[in-house]
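In what follows, a single structure is set out as structure tokens and then discussed.
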Amino acid sequence: MAIQYSTMIELGVNIDHVATLRQARRTYEPDPIIAAAMAEQGGADGITFHLREDRRHIQDLDVQRLMQSVTVRTNFEIACAEDVVQIALEVKPDWALLVPESREEVTTEGGLDVAADNGRIADAVARLKERGIYTSLFVDPDIHQVQAAAAMQVDAVELHTGPYAIAKREQIAMELDRLKTSGQAAIEAGMRLHAGHGLNYHNVRPVAKIPGMIELNIGHSIVSRAVMVGMTQAVAEMRRILDVCCP
Ligand SMILES: CC(=O)[C@@H](O)[C@H](O)COP(=O)(O)O
Ligand SMILES: NCC(=O)COP(=O)(O)O
């Protein structure tokens with residue numbers, strides 16, 4: 001059953017890259033926990049954090065501290081790997097978003113191949129659901145992937161907006177159509193419709209306006225803006241764009 005939090009578009013702020021800056025010196029600042037609190041002040045509906053296998057940014061201790069301090073929805077991004085699934089079961093975030101990972105990638109390159117799952121995704125989903133954690137799968141805007149996700153009875157799909165974000169002008173309409181078509185399939189299957197990756201202050205509006213879109217998860221562009229104006233203002237600026245375009 002789709003879980004509805006509010007009628008407006010919900011903004012999940014991914015704070016991974018606050019930790020990227022900290023890890024550049026392997027030190028204590030900037031602190032993702034403080035960034036999360038400032039994001040909440042700016043109007044974040046949720047905080048997203050990705051504990052990667054290679055721990056390039058968010059660390060295990062960050063997860064523990066975020067779970068103790070975040071007062072809005074927690075959205076824990078993990079691969080279908082035993083160690084991080086175990087951590088999710090221990091800390092019990094509101095949501096777990098399963099994403100693909102490979103060590104050599106600069107950032108997430110594609111969606112989970114749910115349709116070709118050998119049982120690994122289904123097992124992780126079942127265990128997370130059993131623990132009372134809402135589950136979401138990060139998938140390409142492909143109806144077959146959405147239908148495969150629905151068959152696993154996850155609570156949401158998060159459509160990968162990366163191809164849209166990097167599309168050449170003449171390809172944007174086609175990428176938006178893929179998002180709309182696969183989004184419609186998600187809604188018809190009774191799942192919440194989320195989207196994320198590569199969204200920014202310039203390209204977010206058309207995605208926010210996709211019928212049935214409930215939540216956008218945005219990180220890199222907000223953190224980049226936060227370097228210049230601070231996290232609270234950076235989030236407030238994105239919040240205002242969403243409130244104006246999708247009242
Ligand atoms: C799935 C997705 O697009 C992001 O949530 C993910 O966290 C990207 O990975 P990095 O944050 O490591 O770039
Ligand atoms: N799941 C997408 C996300 O959390 C943020 O992705 P990005 O905005 O950092 O590309």
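We count ligands from 1, going down the list as the structure has it; atoms in each ligand are counted the same way. Source: prediction; values computed, not measured.
Checked against a 3.5 angstrom limit, the closest N/O atoms of G219 and ligand 2 fall inside it. Remark: ligand 2 and G198 share an N or O pair separated by less than 3.5 Å (distance only, no angle test). Any N or O atom pair closer than 3.5 Å counts here, and H17 shares no such pair with ligand 2.
In summary, the side chains of T48 and E77 do not present any donor paired with an acceptor at a separation below 3.5 Å, with no hydrogens or angles considered. No side-chain N or O of H194 forms a donor-acceptor pair with one of E10 less than 3.5 Å apart. For the residue pair Q184/E188, the side-chain donor-acceptor check at 3.5 Å is satisfied. A side-chain donor from one of N217 and E215 sits under 3.5 Å from a side-chain acceptor of the other.
Enumerated by chain and number, the residues approaching ligand 1 to less than 4.0 Å through a heavy atom are N14, D16, H17, H50, R52, H57, E77, V99, T107, T108, F138, H197.
A salt bridge links R55 and D83; the closest N-O separation between the charged side-chain nitrogens and carboxylate oxygens is under 4.0 Å. By the 4.0 Å N-to-carboxylate-O rule, D140 lies too far from R178 to be salt-bridged with it. The existence of a salt bridge linking D31 and R65 is confirmed by a sub-4.0 Å separation between a basic side-chain nitrogen and an acidic carboxylate oxygen.
The list of side chain to side chain donor-acceptor pair (under 3.5 Å) pairs with a residue in residues 113-130, not counting sequence neighbours, reads E82-R127, D113-Q145, D123-R127.
Side-chain atoms of E175 do not come within 3.5 Å of backbone N or O of I172 as any donor-acceptor pair.
Of all the atoms in ligand 2, the ones that sit under 4.0 Å from a non-hydrogen atom of T48 are 4 (O).
Scanning the protein for heavy atoms near atom 4 (O) of ligand 2, the closest one is N14 ND2, 2.8 Å.
Among H197, H160, E158, H220, the residue whose heavy atom sits closest to atom 1 (N) of ligand 2 is E158.
Using a 4.0 Å cutoff on heavy atoms, E77 counts as a contact of ligand 2.
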